[in-house]
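Computed from a predicted structure; not experimentally measured. To find a chain, count down the sequence lines: A is the first, B the second, and so on, and within it residues start at 1.
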Protein chains: 2
Amino acid sequence: MNIKHNKEDILRKGMELFRLNGYHNTGTNEIIKEAGISRGSFYNFFKDKDDFGIQVLDFYGVWSTDYMKQLLNDKKLNPKQRLINMFDEFVEGYKKENYKWGCLLIGMTQELGQINSAFTEACNRNFESFLNVFEPCIKEGQQDGTISKNEEARALAITVLSMYNGALVLMKSGLHHEPLTAFQGQLKLMLAV
Amino acid sequence: MNIKHNKEDILRKGMELFRLNGYHNTGTNEIIKEAGISRGSFYNFFKDKDDFGIQVLDFYGVWSTDYMKQLLNDKKLNPKQRLINMFDEFVEGYKKENYKWGCLLIGMTQELGQINSAFTEACNRNFESFLNVFEPCIKEGQQDGTISKNEEARALAITVLSMYNGALVLMKSGLHHEPLTAFQGQLKLMLAV
DNA sequence: TTGCAATTAGATAGATCAGTCTAATTGATT
DNA sequence: AATCAATTAGACTGATCTATCTAATTGCAA
């Protein structure tokens with residue numbers, strides 16, 4: 001038998017390429033070359049490029065959600081501090097990659113949203129799973145008095161996610177770190193009681 | 001002589017199509033068909049599709065900036081109210097189109113950001129011109145005491161733009177009106193002294 | 001050693017798309 | 001009526017990309 005490939009490794013490589021260059025600007029040739037597999041193997045794992053794209057989206061969503069859960073469920077800090085620290089880590093990550101990466105869900109939504117409903121649904125369910133991690137943490141902070149009760153937990157979760165997503169858009173458009181700094185500053189003000 | 005075409009009409013149609021379906025999902029065939037011109041005419045006006053794309057971006061940027069200026073310079077209301085009303089109008093516009101449209105700058109940044117630096121620069125300069133309309137209005141509000149001084153005017157302008165952009169992303173990903181409502185609510189809280 | 005299933009390289013088909021080119025047409029001008 | 005520049009339709013080319021197919025290779029198992 002030849003090398004038994006790990007499907008996750010291919011998905012991870014696709015995630016990287018799509019985040020850097022977008023869906024249409026990443027060919028299947030580039031994917032298989034970068035993943036170190038053969039064309040036949042790729043089409044053995046995935047029905048077609050769209051199927052691969054959807055699976056990459058869900059892989060990214062689960063991967064991100066798990067990471068967020070890990071950071072937001074650590075009860076050593078209060079909920080507000082956990083949120084702030086989590087975004088600090090994310091910002092650090094983007095900085096480390098010289099602001100070249102983007103959020104896959106944002107990119108895919110923009111690029112394929114109106115074209116293929118399977119992509120819209122995938123983006124939507126993964127954004128929802130982000131919100132479903134934020135919201136309980138915010139609610140916990142509202143109950144223990146560390147986070148503002150000016151808005152419902154879900155609305156606040158949506159606003160935080162919006163602000164973060166929007167900062168990533170401006171970051172990628174060439175403003176680099178400035179919108180991330182503004183986001184970090186505003187996040188603290190926004191959560192404050 | 002045949003019909004003398006208006007370059008602006010072609011740019012406007014391109015803007016519509018790119019906002020709905022993205023850059024790669026809009027072919028030159030669709031553009032010329034929708035704009036009602038011939039292939040030859042298109043390539044008489046524009047060097048190639050990329051040249052067209054850049055000109056559409058700047059057209060969108062100038063068009064949006066002019067509209068914002070008009071709304072934010074109307075001295076009948078205080079600066080805070082002008083900002084709130086402006087975004088209310090924008091939100092109403094997206095609602096009217098059933099949340100199918102997106103912001104062209106966001107889409108182009110995501111789709112072509114890392115690929116073609118001319119696109120990145122165009123997105124960047126147009127986002128900057130948005131900020132250069134927001135900032136003086138916010139500064140004016142900070143001086144007359146209607147807008148919070150917790151953040152510098154530019155940082156606040158960036159945050160507002162981020163939050164708005166992020167809400168548009170979630171809107172297009174299928175959440176429709178909910179992120180827009182959350183944005184409108186948070187905007188008021190954020191600007192409040 | 002032999003057989004076999006998985007994997008590979010790479011050719012190839014088929015579709016799509018950008019951009020060029022040509023011949024015909026239009027309509028204002030002289 | 002004749003001219004001519006602008007415009008048009010649409011064929012065509014070449015490039016690119018997805019997806020299929022084939023023949024060769026690998027390496028485990030019998």
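Hydrophobic cluster membership differs between V62(A) and L72(A), with clusters built from Ile, Leu, Val, Met, Phe, Trp and Tyr side chains linked at under 4.5 angstrom.
If you take CZ of F46(B) and C1' of dT7(D), they are 16 Å apart, rounded to a whole angstrom. Atom-to-atom, CD1 of I32(A) to P of dT8(C) comes out at 10 Å; the value is rounded to the nearest Å. Between the CZ atom of F45(A) and the P atom of dA6(C) there is a distance of 12 Å, given to the nearest Å. Atoms CG (N44(A)) and P (dT22(D)) sit 17 Å apart, rounded to a whole Å.
Phosphate proximity of dT8(C) to S41(A): present, with a side-chain N or O under 4.0 Å from OP1 or OP2.
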Expected string for nucleotides 16-22 of chain C under the B/S/- scheme (protein heavy atoms, under 4.0 Å, primed atoms plus P, OP1, OP2 as sugar-phosphate) is --SBB--

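Evaluation of the side-chain hydrogen bond (donor to acceptor under 3.5 Å, both in side chains) rule for E97(B) yields W101(B) as partners, not counting sequence neighbours. Residues passing the side-chain hydrogen bond (donor to acceptor under 3.5 Å, both in side chains) test with N116(B), sequence neighbours excluded: D50(B).
Taking a cutoff of 4.0 Å between a charged side-chain nitrogen and a carboxylate oxygen, K75(A) and E140(A) qualify as a salt bridge.
Between F52(B) and F45(B), the ring centre distance reaches or exceeds 6.0 Å.
The two residues I32(B) and S38(B) come nearest to each other via the heavy atoms CG2-O, 4.3 Å.
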